[in-house]
Chemist: 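Before I ask anything, let me first share the structure, which is written out below as structure tokens.
On a predicted model such as this, the values are computed, not experimentally measured, just so you know.
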Amino acid sequence: QVQLVESGGGLVQPGGTLRLSCAASGSIFSIDAMGWYRQAPGKERELAARIITGGAIIYTESVKGRFTISRDNGKNTVYLQMNSLKPEDTAVYYCNAVVRSSNSNVRLAYWGQGTQVTVSS
């Protein structure tokens with residue numbers, strides 16, 4: 001079993017800053033990728049940012065230049081630095097990790113519980 005625990009969400013004004021953290025624990029042999037997805041009410045969940053172990057990073061176009069994803073591999077933790085926040089960023093943010101729990105080619109995706117980010121005046 002693998003557990004992902006997010007923290008750092010909250011209420012901020014437009015232009016504000018938040019830093020999300022997600023720590024993975026449990027049966028982990030290796031982590032191939034970690035990322036952040038977000039879902040606003042009534043909308044589909046979408047990728048916000050993703051980083052693989054080798055360092056490749058992908059952002060959704062709407063957050064480029066404002067969000068920065070990073071990993072601390074030793075702590076199995078991923079961060080999302082969110083600057084210049086906009087009301088459109090309001091959503092529940094979910095941590096995701098692609099994990100190998102043993103020395104095999106089997107990879108499973110795990111999800112955190114989600115943390116609320118609200119950007120409003």
Side-chain angles (χ1 to χ4, degrees):
Q1 184 67 260
V2 174
Q3 184 177 16
L4 306 179
V5 179
E6 304 110 326
S7 63
L11 172 65
V12 297
Q13 294 183 341
T17 297
L18 286 174
R19 185 173 185 256
L20 306 183
S21 299
C22 172
S25 62
S27 181
I28 299 173
F29 179 79
S30 65
I31 299 178
D32 289 349
M34 299 187 79
W36 292 93
Y37 292 71
R38 63 186 186 180
Q39 186 169 23
K43 298 183 179 179
E44 294 184 354
R45 187 175 300 186
E46 68 170 355
L47 173 71
R50 175 182 169 95
I51 183 169
I52 66 171
T53 299
I57 294 172
I58 186 170
Y59 298 100
T60 192
E61 190 68 28
S62 63
V63 310
K64 287 182 178 178
R66 301 186 299 117
F67 290 11
T68 302
I69 189 170
S70 61
R71 277 183 65 179
D72 184 332
N73 293 329
K75 297 181 179 180
N76 290 328
T77 299
V78 65
Y79 306 93
L80 187 66
Q81 179 70 39
M82 304 186 294
N83 300 329
S84 301
L85 283 162
K86 303 175 180 180
E88 66 188 75
D89 297 317
T90 296
V92 177
Y93 284 70
Y94 296 92
C95 181
N96 170 264
V98 178
V99 178
R100 300 188 184 194
S101 294
S102 64
N103 187 17
S104 72
N105 292 326
V106 178
R107 299 179 298 172
L108 298 177
Y110 295 88
W111 294 91
Q113 296 290 101
T115 185
Q116 177 70 48
V117 171
T118 303
V119 185
S120 176
S121 298

Chemist: Can you name the nearest heavy-atom pair linking S62 to R38, along with the distance?
Modeler: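 Heavy atoms only, the tightest pair is OG-NH2, 3.1 Å.
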Chemist: Mind checking what makes side-chain hydrogen bond (donor to acceptor under 3.5 Å, both in side chains) contact with R66, not counting sequence neighbours?
Modeler: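 side-chain hydrogen bond (donor to acceptor under 3.5 Å, both in side chains) check on R66 returns D89.
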Chemist: Kindly give the cluster partners of Y94, where membership spreads through any ILVMFWY side chain lying under 4.5 Å from a current member.
Modeler: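 Listed partners: Y37, L47, I58, V92, W111.
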Chemist: On a heavy-atom basis, which atom in F29 and which in S101 lie closest, and how many Å separate them?
Modeler: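 The answer is CB-C, 3.6 Å.
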Chemist: Would you name the heavy atoms of A24 and I31 that are closest together and state the gap between them?
Modeler: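 Result for this residue pair: CB-CD1, 4.1 Å.
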Chemist: Considering the options V78, V63, N96, which one meets the side chain to side chain contact (heavy atoms under 4.5 Å, CB included) requirement together with W36?
Modeler: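 For W36, the side chain to side chain contact (heavy atoms under 4.5 Å, CB included) test succeeds with only one of V78, V63, N96, which is V78.
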Chemist: As an exercise, state the distance from CG of D32 to CD1 of I52, rounded to the nearest 0.5 Å.
Modeler: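 Spacing of CG (D32) from CD1 (I52) equals 8.5 Å.
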Chemist: With side chain to side chain contact (heavy atoms under 4.5 Å, CB included) as the test, would you mind laying out the steps for T17 and N83 before giving the verdict?
Modeler: CA-CA 5 Å; T17 297; N83 300 329; 3.2 Å; yes
Chemist: Which hydrophobic side chains are connected to Y79, either touching it within the sub-4.5 Å cutoff or through other members that do?
Modeler: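 Cluster partners of Y79: none, it stands alone.
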Chemist: Who are the side-chain hydrogen bond (donor to acceptor under 3.5 Å, both in side chains) partners of T118, not counting sequence neighbours?
Modeler: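 T118 satisfies side-chain hydrogen bond (donor to acceptor under 3.5 Å, both in side chains) with Q116 only.
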Chemist: Suppose we screen for side-chain hydrogen bond (donor to acceptor under 3.5 Å, both in side chains). Which residues come up paired with Q113, at least two apart in sequence or across chains?
Modeler: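 side-chain hydrogen bond (donor to acceptor under 3.5 Å, both in side chains) check on Q113 returns nothing, list empty.
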Chemist: Output every pair passing disulfide (SG to SG under 2.5 Å) with a member in residues 78-121, not counting sequence neighbours, ordered by first then second residue.
Modeler: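 Of all non-adjacent pairs touching residues 78-121, those that pass disulfide (SG to SG under 2.5 Å) are C22-C95.
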